[in-house]
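Since the structure comes first, as structure tokens, the remarks are kept for the end.
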Amino acid sequence: MITLTVPVPKEFSFDQALSFLKRSPRELLHQVEGETVRKALRVDDDVVAIEVSFEKKKVRIDVLAESLTPVQQEEVIAYVREWFDLDTDLKPFYAMAEKDKLLKDLVQQYYGYRIVGQPDLYEAVTWAMLGQQINVAFAYTLKQRFVEQFGASLQMLDRRYYLFPVPEAVAVLSPDLLLPLQYSRQKAAYTITIAEAFANGTVSKESLKGLPLQEAKERLMKIKGVGNWTANYALMKTFRYPDAFPLEDAGLYNVVKKYKKLDRKPTPDEMKKVFKKYKGWEAYATLYLWKSL
DNA sequence: GACCAGGCGCACC
DNA sequence: GGTGCGCATGGT
């Protein structure tokens with residue numbers, strides 16, 4: 001076993017990250033047990049299992065492997081930094097939120113809560129699409145079946161670690177194989193077109209990296225099944241564009257409805273007005289507002 | 001039994 | 001370029 005440590009900023013709460021990661025018992029891509037989260041990772045064409053915990057104000061990563069190349073060590077550390085969003089300076093956001101009626105209490109209550117990311121863009125897009133217009137619990141059920149059936153896994157010290165299916169494997173599936181998992185015809189078709197786009201290189205994390213948000217969104221939205229909401233959500237989770245956030249999100253509408261004490265759904269203009277105050281921090285504002293639901 | 005979920009594409013105007 | 005509809009199923 002190899003142990004790596006990662007320093008964290010003051011405004012970071014490992015417990016908050018864990019409580020987010022614990023939110024579904026159907027999650028197969030990581031397992032939280034006590035104060036430790038376990039996960040399998042692809043590093044440099046290899047697969048390793050890691051155990052992540054928090055010790056002496058640092059993130060501790062135990063890699064269940066006999067040896068790792070220096071490159072692999074770097075990749076593991078980079079993954080964890082991305083996963084927990086350790087490179088974002090939250091001070092300006094908190095300074096702004098302190099003065100905001102909606103966010104004030106939330107940022108105190110959940111201090112150090114960061115956006116748990118999804119470093120794999122393909123996984124982020126597929127997961128966002130799965131979550132369209134159904135409740136989150138059911139989305140997890142669909143994902144569980146999908147991962148069990150089409151994902152790779154490795155067995156390590158009495159535990160099974162699952163990996164998200166790779167686009168190459170999903171692109172060649174027939175939609176009929178997904179229907180027994182309770183996918184709608186629509187979701188089955190979208191699942192495959194998204195995989196095709198990634199498998200044939202039309203879209204990749206590398207090709208979107210560094211693009212302005214609008215451009216990255218347009219590229220993703222060329223894929224059938226990926227609309228504005230899904231593109232924003234995926235870009236927020238993978239690239240952490242601070243201003244990528246799903247404005248038309250049903251949950252956000254409900255927060256604003258409650259806040260403004262409306263007896264109807266807020267209008268898009270009312271939504272924009274609320275979020276105008278959060279310019280540059282829309283993604284983080286969204287994260288904390290979701291917490292209030 | 002309604003009604004809504006971390007929407008989207010498409011057919012119609 | 002706007003509006004309405006079907007989608008599948010679970011939670012409330």
Side-chain angles (χ1 to χ4, degrees), chain A residues 19-27 29 85 102 106 110 113-118 120-146 164 175-197 203 217-259 262-269 271-272 274-275 278 282-293:
Chain A
S19 74
F20 174 84
L21 291 169
K22 270 193 289 209
R23 76 195 164 137
S24 173
R26 298 188 180 279
E27 179 60 74
L29 299 175
D85 196 18
L102 259 102
L106 290 169
Y110 302 108
Y113 181 37
R114 287 172 181 255
I115 298 175
V116 175
Q118 183 38 264
D120 177 352
L121 181 63
Y122 165 65
E123 181 182 330
V125 174
T126 302
W127 169 238
M129 179 277 300
L130 270 185
Q132 289 169 8
Q133 193 52 24
I134 57 174
N135 62 72
V136 179
F138 183 50
Y140 271 109
T141 303
L142 295 179
K143 181 169 98 163
Q144 179 189 31
R145 295 173 181 159
F146 179 65
F164 198 73
D176 293 342
L177 290 170
L178 295 171
L179 299 182
L181 278 56
Q182 283 183 288
Y183 276 53
S184 62
R185 298 203 156 274
Q186 215 170 42
K187 278 195 166 54
Y190 294 164
T191 299
I192 292 164
T193 53
I194 292 169
E196 282 169 352
V203 177
K217 256 165 70 170
E218 281 165 25
R219 300 256 192 115
L220 282 183
M221 285 167 63
K222 280 188 185 148
I223 308 173
K224 200 168 284 195
V226 179
N228 192 57
W229 180 90
T230 303
N232 269 309
Y233 182 94
L235 291 171
M236 170 174 114
K237 294 292 254 183
T238 298
F239 291 116
R240 307 182 171 290
Y241 288 93
D243 49 348
F245 74 110
L247 180 64
E248 58 275 68
D249 182 85
L252 288 182
Y253 270 82
N254 287 333
V255 174
V256 173
K257 181 180 169 188
K258 200 166 83 182
Y259 164 62
L262 303 172
D263 50 6
R264 54 167 175 84
K265 191 180 160 187
T267 64
D269 277 345
M271 294 297 292
K272 279 181 198 156
V274 170
F275 271 83
Y278 307 144
E282 289 94 334
Y284 262 93
T286 298
L287 182 79
Y288 281 84
L289 291 177
W290 274 340
K291 269 285 187 189
S292 74
L293 290 170

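A note on names: the letters A, B, ... follow the listed sequences, proteins ahead of strands, and every chain is numbered from 1.
Taking only side-chain atoms of A/K224, from C-beta outward, the nucleotide of B/dG9, B/dG7, C/dG10 with the closest atom is B/dG9. Side chain of A/I134, nearest nucleotide from C/dT9, B/dG7, C/dA8: C/dA8. When each of C/dG10, C/dA8, B/dA5 is scored by its nearest atom to the side-chain atoms of A/R185, the top-ranked nucleotide is C/dA8. Nearest to the side-chain atoms of A/E248 among the listed nucleotides C/dT9, B/dC8, C/dA8 stands B/dC8. Side chain of A/S184, nearest nucleotide from B/dG7, B/dG9, C/dA8: C/dA8.
At the heavy-atom level, A/G251 lies nowhere under 4.0 Å from the strands shown. Heavy atoms of A/R145 sit nowhere under 4.0 angstrom from any nucleic acid atom. Counting non-hydrogen atoms under 4.0 angstrom, A/T230 reaches the backbone sugars and phosphates but no base. Base contact: A/Q133 has a heavy atom under 4.0 Å from a base atom. Among the atoms of the strands shown, only primed sugar atoms or phosphate atoms (P, OP1, OP2) are found under 4.0 Å from some heavy atom of A/Q182. At the heavy-atom level, A/Y183 lies nowhere under 4.0 Å from the strands shown. If you check every strand for non-hydrogen atoms under 4.0 Å, A/N254 touches sugar and phosphate atoms only.
When all heavy atoms of A/K143 and A/L29 are compared, the closest pair comes out as NZ-CD1, 3.8 Å. Listed here is the closest heavy atom pair of A/S292 and A/L106: CB-CD2, 3.7 Å. Between A/Q182 and A/L142, the closest heavy-atom pair is O-CD2, 3.5 Å. Of all non-hydrogen atoms in A/I192 and A/P175, the two that sit nearest each other are CD1-N, 3.4 Å.
Side-chain contact between A/Q132 and A/Y190 is present, with at least one heavy-atom pair separated by less than 4.5 Å. With a 4.5 Å cut-off on side-chain heavy atoms, A/F239 and A/L121 count as touching.
Classified by interplanar angle (parallel below 30°, tilted 30° to 60°, perpendicular above 60°), the ring pair A/Y288/A/Y113 is perpendicular.
The distance between atom CG of A/L293 and atom C1' of B/dA5, rounded to the nearest whole Å, is 12 Å. For A/N135 and B/dG7, the CG to P distance is 11 Å, given to the nearest whole Å. Atom pair A/Y190:OH and C/dC7:P shows a separation of 12 Å (rounding to whole Å applied).
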Between the protein and nucleotides 11-13 of chain B, which nitrogen or oxygen pairs come in under 3.5 angstrom?
none

